[in-house]
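The structure under discussion appears below in the form of C-alpha cells.
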Amino acid sequence: MDHKAVQQKWQKAWEDEKIFEVKESKTKNKFYVLEMYPYPSGSGLHMGHAKNYTLGDASARFKRMQGYNVLYPMGYDSFGLPAENAAIKDNTHPRAYTEKSIANFIRQQKELGLSYDWSRTLASHRPDYYRWDQWIFLELYKKGLAYKKTAIVNWCSTCQTVLANEQVVNGACWRHEDTPIDNKELNQWFIKITAYADQLLSGLEKLDWPEDIKQMQKNWIGKSNGVDIHFALEGIDTLLPAYTTRCDTIYSVTFLCIAPEHPLAIELSKGTSHEAEVRQAIEQSRKQSLIERTTETGQDKIGAFTGKYAINPVNGERLPIYVANFVLMYGTGIVMADAHDQRDFEFARKYNIPLKFVISDDGSPINPEKASCAFLSDGVLFDSGDWTGMHNRQALPEMAEWIEKNGWGKQTVNYKLRDWLISRQRYWGCPIPMVYCDSCGIVSVPEKELPVLLPEDVTFGSGNPLATNRNFVETSCPSCKKPARRETDTMDTFMDSSWYFLRYCDPHNDKKPFAKAKVDYWLPIDHYIGGKEHATGHLIYSRFITKFLKDLGMHSIDEPAKRLFNQGMLHKDGVVMSKSKGHYVLPEEVSEKYGIDTARFYLFFVAGPEKDMEWSDQGIEGAFRFMKKFTEFLPETFTSKTDPKEESVRNKTIRDVTSYYESSTFNKALIELASFTDFLRNKGSFSKKSAETLILLMSPITPHISEELWEKIGKKPFCSLAKWPTFDETKIKPELEAEDDFAEKVRQDMLTLNTLIKFKPKSHTLIISAAWKYDFYKKLKEELAKTRDMKTLITSCMVKGHESEIAPLVAAVLKDPSRLPDFILSQATEKKALNTLLPKLEKEFDSHITITFAEQSQDKKAANAMPGKVAIVAHE
RNA sequence: GCGGGGGUGGCAGAGUGGUCAAAUGCGCAAGGUUGAGGGCCUUGUUCCUUAGUGGAUGCGCGAGUUCGAACCUCGUCCCCCGCACCA
C-alpha cells in the first residue's frame with residue numbers, strides 16, 4: 001500500500017466533504033473532546049505533540065462512530081511572550097510570525113489525520129477573539145472582581161514583566177528557572193479569584209480528574225479554618241488581629257510577630273528607640289530573595305522588637321510585638337507566637353524571648369528553660385484556665401467558640417490562594433480596556449468601543465512597548481471627553497485560555513462571546529487532554545472564569561471539564577522530546593518512511609497513554625511489521641458462512657476493544673486487535689463481517705488505512721462515519737477459542753483414566769479442581785462415576801470465595817482412614833495447593849498417585865506427543 | 001517536613017488472590033524459506049533435570065495472613081512528581 005497516496009487521498013476527502021464539521025443536534029448525544037490549545041511555536045510540531053493530538057483524535061473518532069455528536073475543535077494560544085521575543089530576534093512582527101506559525105501548525109496537524117472541525121478554529125491574538133477577553137474583563141470590573149492595587153509583585157527581569165503567583169516556580173520565573181523573581185512594588189490589575197476560592201475547592205469533588213491534580217489544586221487553594229484573635233495594642237485604641245489555626249495554645253502565647261511587609265510594622269516602632277532596628281530587620285528580610293525566604297537553606301530567623309506591647313485578651317498578659325521575617329502576608333500578617341511552633345521557638349531563642357508550654361503528653365508541666373525544641377504533638381492541656389486537663393484537639397473547637405463568644409476574636413476561614421495578577425508589561429497580548437483620566441480617574445472603555453485594538457506599530461526594547469505608540473496611548477476620556485491615557489499593560493495570556501473552550505461552541509459570534517444555548521449543549525468537556533503542568537494555572541483559571549460566566553447568566557455550566565486526562569511525555573534519548581534541545585523526531589520523517597498510521601499505532605501500542613514513553617526506532621519497525629499484516633489481511637474472497645469460533649473471537653474482540661477504548665487504554669486494545677488480525681490471517685478464509693469488524697475497530701488509530709480497506713471491500717465511504725460494531729455476548733464461547741480443542745483432550749483423558757482406574761475399582765479417589773475449570777471438573781466426575789461407585793469419590797471444587805473448603809475436606813479425609821484416597825486427581829494448576837497437601841496425606845498412607853493433565857502444559861507440541869495426554873507420577 | 005504516584009524478566013510494558021515462569025512488542029538464539037548472515041515465517045529465551053512429564057528459584061527488601069501471594073497486611077529501602085517558614 002502506498003501510504004503517502006492513501007493518506008493524501010483520504011485527508012483530502014475528509015476535508016472536501018467536511019465530514020467532521022458538527023452542529024448542535026436535538027436527537028444525538030454530544031461528546032466534547034479537547035486537547036489544550038497549543039501555543040503555536042515557530043518551530044512546529046514534533047512527535048511528542050503528535051502523541052498528544054492523536055490521543056484526542058482516537059477518542060473523538062471512537063465516540064463519533066459510537067453515534068455521538070462529537071465536538072472536536074482546535075485553536076491557538078497565539079498571544080504571548082515567546083512570539084514577541086522570537087519576532088524581535090528574527091526582526092519580524094509578532095503578528096506575521098504568529099500567523100505563519102499557525103499556518104504551519106495547521107498543515108502539520110492535517111497531515112497527522114486529525115479529525116478536527118476546522119470551521120471552528122480560533123486564535124487568541126485575533127481581534128474577533130480578544131475583544132471578548134476585554135468584554136469579560138469589563139464584566140469582572142463591573143462586579144468588582146477586577147481591581148487595581150499597589151502591591152509587592154513578582155518581577156522577572158528576563159521577561160521584563162510581572163508574573164502571577166501561578167507563574168512562579170521555586171522562586172524563579174516559570175520560563176527561566178535561572179532567573180530568580182524580584183519583588184517590586186507596582187500598581188497592577190488583579191482579578192479577584194479568591195472570591196471563588198470555596199467554590200473552586202468544593203467543585204473538585206465532582207470531577208473525574210487524576211487524584212494528584214485535584215490534590216495540587218486543593219493545596220494551592222489551601223483552605224484552613226482558624227480564628228482571628230484580637231490583641232489590643234497597649235496604650236492605643238487599636239486591635240491587632242492575629243490569625244491562628246491553633247487557638248488551643250492561646251495560653252502559651254508570649255509574643256506577637258508581624259510580617260515585614262505589613263504596613264503596621266514600621267508604624268508601630270515609629271517614635272520608639274527601636275525604630276532603627278526594625279527598619280534594618282525589614283530591610284534585611286526584603287533583601288532575602290523569595291528563594292531564600294521560602295526554602296530550607298535560607299530560613300534564618302530575622303526580626304526586631306517594635307517597642308510595643310499587645311494584651312492577650314484571654315489572660316491579660318503583656319506580649320511584646322516583633323517584626324519577624326518568617327511571617328508572611330498571609331491571613332492577617334500577624335501571628336501569635338508560642339512554644340508549640342518550631343519557628344516561633346527558634347525565633348524566641350534567638351531574641352531571648354521567654355516561652356511557655358501548655359500542652360504535654362500527659363498534661364504535666366514542661367519547663368521552658370530546659371526545652372530544646374517546640375512541642376508539636378497533640379496532648380493534654382495544662383496552665384490553660386478552665387481548659388486545663390482537656391485534650392487539646394477536643395478543646396480546640398470549643399475554645400474557638402469561647403473566644404468568639406467573649407468578643408476576643410472571630411472564627412475565620414483562610415486561603416492560600418491569592419488574587420490573580422493579570423497586568424503584563426509586554427506588547428503581544430490583549431490590551432486591558434481601561435483609560436486613565438486626570439479628572440475622572442480610572443474609566444473603563446465602553447462596551448461598544450471594543451475591541452481596543454492592539455496597535456501594529458510599536459518600538460521594542462525599552463520598557464513597555466505599547467507606551468511607545470502615542471496614537472494608542474493618547475485618547476479621550478469616555479466619561480468627560482478630556483484627553484486621557486490608555487492602559488499600556490496587556491493581559492496575562494492565561495486570561496485568553498480561561499474561556500476558549502466556550503468560544504469553540506460559537507466561534508463566529510460577533511454579538512457576544514457565545515450563545516448560551518450552544519454552550520449549554522456542548523459543555524462540559526467530556527474528555528480534556530493536557531499536561532500536568534497546568535494543574536495550578538490554566539486549570540484553576542478556567543474553572544474560575546467558567547463559574548464567573550455562569551454567575552453572569554451566560555451559561556449554566558458548573559465545571560468546564562468533567563474528565564481530565566494527563567498524557568505522558570514522549571522521550572527521546574532519555575529526555576522529554578524537545579526541539580530546542582535537539583531531542584526530537586519529526587512526524588513528517590516517520591510518515592514518509594512508514595506512513596502516519598504506523599506512527600499513530602506505535603504511539604498507542606507501547607504503553608498506556610498516560611505514561612511517559614521512549615521513542616524507539618526498533619519499536620516503530622515492530623509496529624510497521626504489524627501494519628503490513630493489517631494492510632494485507634484481506635483475502636480474495638470471503639466465506640459465506642460464519643463459523644461459531646470465528647464469531648466468538650469477533651464478538652469477544654469487539655467487546656474487549658470497546659471497553660479498552662472507553663477507558664483510553666489503547667495499548668491493550670491494540671494487542672487485542674493484533675491478535676484478531678493474526679487469528680484471521682492464520683484462518684485464511686473468513687467472513688466479510690470479520691473483515692469489517694477489524695477495519696472499523698482499527699479506524700480510530702489507523703484512520704487512513706481503514707478508509708482504504710473499507711473502500712476495498714466495497715463499502716461506501718467513510719468508515720470514519722460508520723457505525724461502531726456491536727457484540728453479542730451469547731456468541732462469545734471461550735471454549736471454542738483458546739481451549740477449543742480442550743474438550744477433545746478431556747475426552748481422551750477420560751478414556752485413559754478409565755483404563756487406569758479399572759485397576760483398583762474399589763479404592764477412593766480424591767478430585768481437586770478449581771472453579772475456573774468447573775465444567776472440566778463436572779465432566780471428570782461424571783466420567784469417573786461411570787467406572788466407580790459414587791461412594792468412592794471424594795471431590796472438591798474450589799469455588800472462588802470458597803477456596804478454604806479444601807482444608808476441611810482434607811481434614812475429613814484424614815479423620816476417616818477408610819476414606820483415604822489412593823488417587824488424587826488434579827490438574828497442573830493446582831500443583832501448589834497439592835504441594836502443601838501431599839505431605840499431610842503422605843503421613844497417613846503408603847502411596848498415592850497424582851495425575852496431571854497435559855493440556856495444562858504450555859508446550860502444545862509436548863502435549864500432542866503424549867499418548868493419552870496423561871502423565872502419572874507415583875509418590876513412594 | 002506534608003501530600004500524591006511508583007519499584008515486575010536483557011529493555012519497554014501487562015497482570016492486583018488461584019487458568020502465572022508471568023500477555024504483547026523490542027532485543028537475543030536456533031530452525032525454515034530465499035543465490036547471501038537482509039526480508040519473511042516457525043520455535044525458543046531464570047536455573048536444574050527429562051524422550052515428554054517434573055523440581056527449585058522468582059515480580060525492590062524483610063516479615064505476616066492464606067491450602068495458595070507479583071497481587072492482601074505490616075515494616076523497610078529506593079525512585080519520581082507536586083507543595084513547602086501559610087501560623
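Scope of the values below: all heavy atoms of this structure, side chains included, with no hydrogens, waters or symmetry mates.
Distance check on atom P: B/G60 versus B/U50 gives 33 Å, rounded to whole Å. The P atoms of B/C67 and B/G10 are separated by 34 Å, rounded to the nearest whole Å. Here the separation of B/A22 from B/C47, taken at their P atoms, is 14 Å to the nearest Å. B/G9 and B/A70: their C1' atoms are spaced 12 Å apart (whole Å). Rounded to whole Å, the separation between the P atoms of B/A21 and B/C28 comes to 28 Å. Taking the P atom of each, B/C80 and B/U8 are spaced 14 Å apart, rounded to whole Å. Taking the C1' atoms as reference points, B/A51 lies 38 Å from B/G35, given to the whole Å. Rounded to whole Å, the P atom of B/G64 lies 24 Å from the corresponding atom of B/G55.
Across all strands shown, B/A14 forms no Watson-Crick or G-U wobble pair with both key distances under 3.5 Å. Pairing partner, B/C83: B/G1, with both Watson-Crick or wobble hydrogen-bond distances short of 3.5 Å. Across every strand in view, B/A21 sits unpaired, with no contact that passes the Watson-Crick or G-U test at under 3.5 angstrom. Nucleotide B/G44: paired with B/C28 (Watson-Crick or G-U wobble, both distances less than 3.5 Å). Nucleotide B/G39 is matched to B/U33 when pairs are restricted to Watson-Crick or G-U wobble geometry with both distances under 3.5 angstrom. Across all strands shown, nothing is found opposite B/U53 as a Watson-Crick or G-U wobble partner with both distances under 3.5 Å.
Proximity of A/K668 to the phosphate of B/G15: a side-chain N or O atom is located under 4.0 Å from OP1 or OP2. OP1 or OP2 of B/A14 has at least one side-chain nitrogen or oxygen of A/K611 nearer than 4.0 Å. Look at A/R625 and you'll find a side-chain N or O under 4.0 angstrom from OP1 or OP2 of B/C40. Note on A/Y415: every side-chain N or O is 4.0 Å or more away from OP1 and OP2 of B/C86.
Using a 3.5 Å distance cut-off with no hydrogens or angles, the side chains of A/Y243 and A/S224 do pair a donor with an acceptor.
The pair A/K410-A/D228 fails the salt-bridge criterion, with no side-chain N (NZ, NE, NH1 or NH2) lying under 4.0 Å from an Asp/Glu carboxylate O. A salt bridge does not link A/R246 to A/D338: none of the charged nitrogens lies less than 4.0 Å from a carboxylate oxygen. Look at A/D198 and A/K223 and you find a salt bridge, because one of the NZ, NE, NH1 or NH2 atoms lies within 4.0 Å of a carboxylate O, short of that distance.
Both the sub-6.0 Å distance and the 45° axial angle are satisfied by A/K301 relative to the ring of A/F326.
The residue A/G622 sits close only to the backbone: its heavy atoms come under 4.0 Å of sugar-phosphate atoms, none of a base. A/S616 comes within contact range of no nucleotide atom at all, as no heavy-atom separation falls under 4.0 Å. As judged by a 4.0 angstrom heavy-atom cut-off over every strand, A/R246 is placed among residues touching the sugar-phosphate backbone only. Looking at heavy-atom distances under 4.0 Å, A/F626 makes no contact with the nucleic acid at all. In this structure, A/D612 reaches the sugar-phosphate backbone alone: every heavy-atom distance under 4.0 Å involves primed, P, OP1 or OP2 atoms, never a base. A/K223 comes within contact range of no nucleotide atom at all, as no heavy-atom separation falls under 4.0 Å. Within 4.0 Å (heavy atoms only), A/E211 reaches no atom of the nucleic acid at all. Looking at heavy-atom distances under 4.0 Å, A/K532 makes no contact with the nucleic acid at all.
Minimum atom distance to the side chain of A/Y330 is reached by B/C86, of the listed B/G82, B/C86, B/A23.
Heavy-atom distances to RNA chain B give each of A/A674 and A/D341 a nearest nucleotide, and the one nearer the 5′ end belongs to A/A674. Summary of the strand contacts: A/D212 and A/A607 both lie near RNA chain B, and taking for each the nucleotide with the nearest heavy atom, the more 5' one is attributed to A/D212.
Exactly one of A/F624, A/Y602, A/F601, A/F626 qualifies for a ring pair (Phe, Tyr, Trp, His ring centres under 6.0 Å) with A/Y594. That residue is A/F624.
The base of B/C85 is paired with the side chain of A/K301 by a donor and an acceptor separated by under 3.5 Å.
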